[in-house]
*Asks:* 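Please find one structure pasted underneath; my questions will follow.
The residues of the chain are indexed from 1 along the displayed sequence. Please read these numbers as outputs of a predicted model, since none were measured by experiment.
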Amino acid sequence: MSASDHSLTDRNEQIRDAKRVTLIGAWIDGTLGLAKVIVGLLVGSAALIADGIHSFSDLVTDGFVLAATHYGRQDPDQDHHYGHGRIETLATLLLGSVLIFVAGAIAWSSLQRLLVGTSIPAPGIWAMLLAVAALLAKEWIFQYTLRVAKRVSSRLLEANAWHSRSDALSTAVVLVALIGAQLGAGWLDAIAAVVVGLLVGKVGWDLLWESARELVDTALPEDAQQRMHEVACSVPGVDSVHDLRTRQSAGWVMVDLHIVVGPKVSVSEAHEIGNEVSRRLRRAFPALTDVIFHIDPEDDAGEGDPSRFPGLPLRPEVEAALDERWYKHPVWRTLTDLQLHYLNGKVSVSLVVGDDIHQPPQCLASQLKALASDIEWLGNVEVLFVTRAASDPTTPHSWRAR
């Protein structure tokens, strides 16, 4: 099975696990909500009825999570070249906002009951047992959802887990209220609810803050970036690495970096060096989904984006300028290959010629340099002699550098 097949299988398993735990949570929310409302109506407990409505509201959140998980984990398409991970990030942002709203509602309603002195009738043992069962069920689904969220690296699922925990804490407040009402101390409900509201609000704010940082492309921590830099520099053929940049999306990581290689290595060798950097980074950081590398023949760190500055002439213009000055020279007339090297802000040229010119290459290079001394962008000039391969003299284009 290829790496892409493994990636697709892992993604499908993650989506399946996320949907399964969310559906289980939705079933629990629906069952508990119905039971709380019915028992609350039977015993006359407004707190239990409100908690039942809170459980029903979780069904809406569960549906939201299912939709975001389904669409957020889809592969890139024509309109979303980098995937759909931001859907999960946006959903987490909204879910964190919901948690803050829930926290505020819990604290505000509790303060109102405390100030007004609302009396709560004795609910009876069955109402308290239901609250205990609901508390245990919501705590279990919280732990289960949180484990799955960490396994599939989903902040959205983690946010939904904490939403379940907020429901469990809300039920705990109701249980305190029921026990307090049974014992004649209904004011305990308000005090406990304010504390719970603050805790839920803290969770909501953390989720809101993390997802907002992700939306504005906040980089990985410095130590993670340093490890990436070290992994890239350990690849043979890499002289140095600069402009390493990272960002995150729904638990996944994307990185782009500039890799400095030898100034005269072939394009294919430089590209394979970059491929090896990508492979090692993916092995060291499994959360990486996208690695973009740029090959540099020299270290230009801190010099800015080269596309914003005037460039050097490309091959057609270089050949035209050199032909105008060298067309009479024997080296130019017997030229077999012209190699261009863009280094140090100049265009250095290597001329490959046959060995039938009986002058030292250094002397020829000096002559050519002098003939083109008016060209500002011309750097070093090098002349290389080649001869036909002795092993195959009948092959006219088989050459061996000398």
Side-chain angles (χ1 to χ4, degrees), residues 225-246 254-285 288 290-319 321-322 331-332 335-355 360-366 368-369 372 375-387 389 397-402:
Q225 295 183 61
Q226 181 60 33
R227 289 199 305 274
M228 286 184 173
H229 189 276
E230 293 170 356
V231 169
C233 287
S234 69
V235 176
V238 174
D239 292 343
S240 63
V241 171
H242 61 271
D243 289 349
L244 188 150
R245 300 183 298 176
T246 60
M254 288 160 278
V255 59
D256 59 84
L257 68 164
H258 286 221
I259 302 170
V260 182
V261 299
K264 294 188 178 181
V265 302
S266 67
V267 173
S268 59
E269 181 184 358
H271 187 261
E272 187 55 30
I273 291 172
N275 287 338
E276 182 61 23
V277 170
S278 298
R279 284 188 283 266
R280 296 195 185 188
L281 283 173
R282 288 182 185 276
R283 287 197 295 268
F285 299 88
L288 269 178
D290 204 284
V291 181
I292 301 174
F293 60 84
H294 176 84
I295 297 296
D296 282 333
E298 55 189 356
D299 194 338
D300 59 358
E303 295 183 9
D305 185 353
S307 66
R308 298 180 180 275
F309 305 104
L312 293 169
L314 298 181
R315 180 174 289 271
E317 186 178 346
V318 170
E319 290 182 345
L322 297 181
V331 166
W332 189 251
L335 184 70
T336 61
D337 188 24
L338 178 65
Q339 301 171 1
L340 306 182
H341 306 286
Y342 292 78
L343 302 170
N344 300 315
K346 300 282 187 178
V347 182
S348 296
V349 296
S350 296
L351 300 95
V352 182
V353 297
D355 59 354
Q362 297 88 348
C363 180
L364 294 171
S366 297
L368 294 171
K369 181 70 173 178
I375 302 179
E376 294 182 358
W377 45 258
L378 183 62
N380 295 329
V381 176
E382 180 182 27
V383 176
L384 303 173
F385 286 170
V386 296
T387 185
H397 296 296
S398 178
W399 304 98
R400 181 175 69 243
R402 184 179 67 180

*Asks:* Could you check whether any side-chain N or O of K346 sits under 3.5 Å from a backbone N or O of H341, counting only pairs where one atom can act as donor and the other as acceptor?
*Replies:* no
*Asks:* Within the structure provided, determine whether V349 and L340 are in side-chain contact (heavy-atom separation under 4.5 Å).
*Replies:* yes
*Asks:* Is it the case that over 12 heavy atoms from other parts of the model lie below 6.0 angstrom from the CG atom of N380?
*Replies:* no
*Asks:* So which atom in S234 and which in R280 form the shortest heavy-atom distance, rounded to 0.1 Å?
*Replies:* O-NH1, 3.6 Å
*Asks:* Are F293 and D256 side-chain neighbours, meaning at least one heavy-atom pair lies under 4.5 Å?
*Replies:* no
*Asks:* Taking the side chain from R315 and the backbone from L338, do they hold a donor-acceptor pair closer than 3.5 Å?
*Replies:* yes
*Asks:* Do we see a donor-acceptor contact under 3.5 Å between the side chains of D299 and H258?
*Replies:* no
*Asks:* If you look at every heavy atom in G274 and I259, which pair is closest and at what distance?
*Replies:* CA-CD1, 4.0 Å
*Asks:* I want to check something: taking the side chain as every heavy atom from C-beta on, are Y342 and P297 in contact at a cut-off of under 4.5 Å?
*Replies:* no
*Asks:* Between the main-chain N or O of L364 and the side-chain N or O of K369, is there a donor-acceptor pair closer than 3.5 Å?
*Replies:* no
*Asks:* Dump the intermediate steps for side chain to side chain contact (heavy atoms under 4.5 Å, CB included) on L257 and M228, then the final yes or no.
*Replies:* CA-CA 10 Å; L257 68 164; M228 286 184 173; over 6 Å; no
*Asks:* Quick one: do R279 and E276 make a salt bridge, cutoff under 4.0 Å?
*Replies:* yes
*Asks:* For the pair T336 (side chain) and V352 (backbone), establish whether a donor and an acceptor sit closer than 3.5 Å, ignoring hydrogens and angles.
*Replies:* yes
*Asks:* Side chains of D243 and H294 only: does a donor on one sit below 3.5 Å from an acceptor on the other?
*Replies:* no
*Asks:* CG of L335 to CG of L322: how many Å apart, nearest 0.5 Å?
*Replies:* 9.5 Å
*Asks:* List the atom of A321, the atom of I375, and the distance in Å for their closest heavy-atom pair.
*Replies:* CB-CD1, 4.2 Å
*Asks:* Less than 4.5 Å apart, side chain to side chain, heavy atoms only: is that true for V277 and V241?
*Replies:* no
*Asks:* Closest approach of S350 and L384, non-hydrogen atoms and distance?
*Replies:* CB-CD1, 4.4 Å
*Asks:* Before you tell me yes or no, could you show the steps for V318 and L378 under side chain to side chain contact (heavy atoms under 4.5 Å, CB included), namely the whole-Å CA-CA distance, both residues' side-chain angles and the distance that decides it to 0.1 Å?
*Replies:* CA-CA 9 Å; V318 170; L378 183 62; over 6 Å; no
*Asks:* E298: what forms a salt bridge (Lys or Arg N to Asp or Glu O under 4.0 Å) with it, not counting sequence neighbours?
*Replies:* none
*Asks:* Taking all non-hydrogen atoms of both residues, which atom of V265 and which atom of A270 are closest, and how far apart?
*Replies:* CG2-CB, 4.0 Å
*Asks:* Can you find a heavy atom in the side chain of R283 that is under 4.5 Å from one in the side chain of V231?
*Replies:* no
*Asks:* Applying side chain to side chain contact (heavy atoms under 4.5 Å, CB included) to V261 and E269, what does each step give before you reach the verdict?
*Replies:* CA-CA 10 Å; V261 299; E269 181 184 358; over 6 Å; no
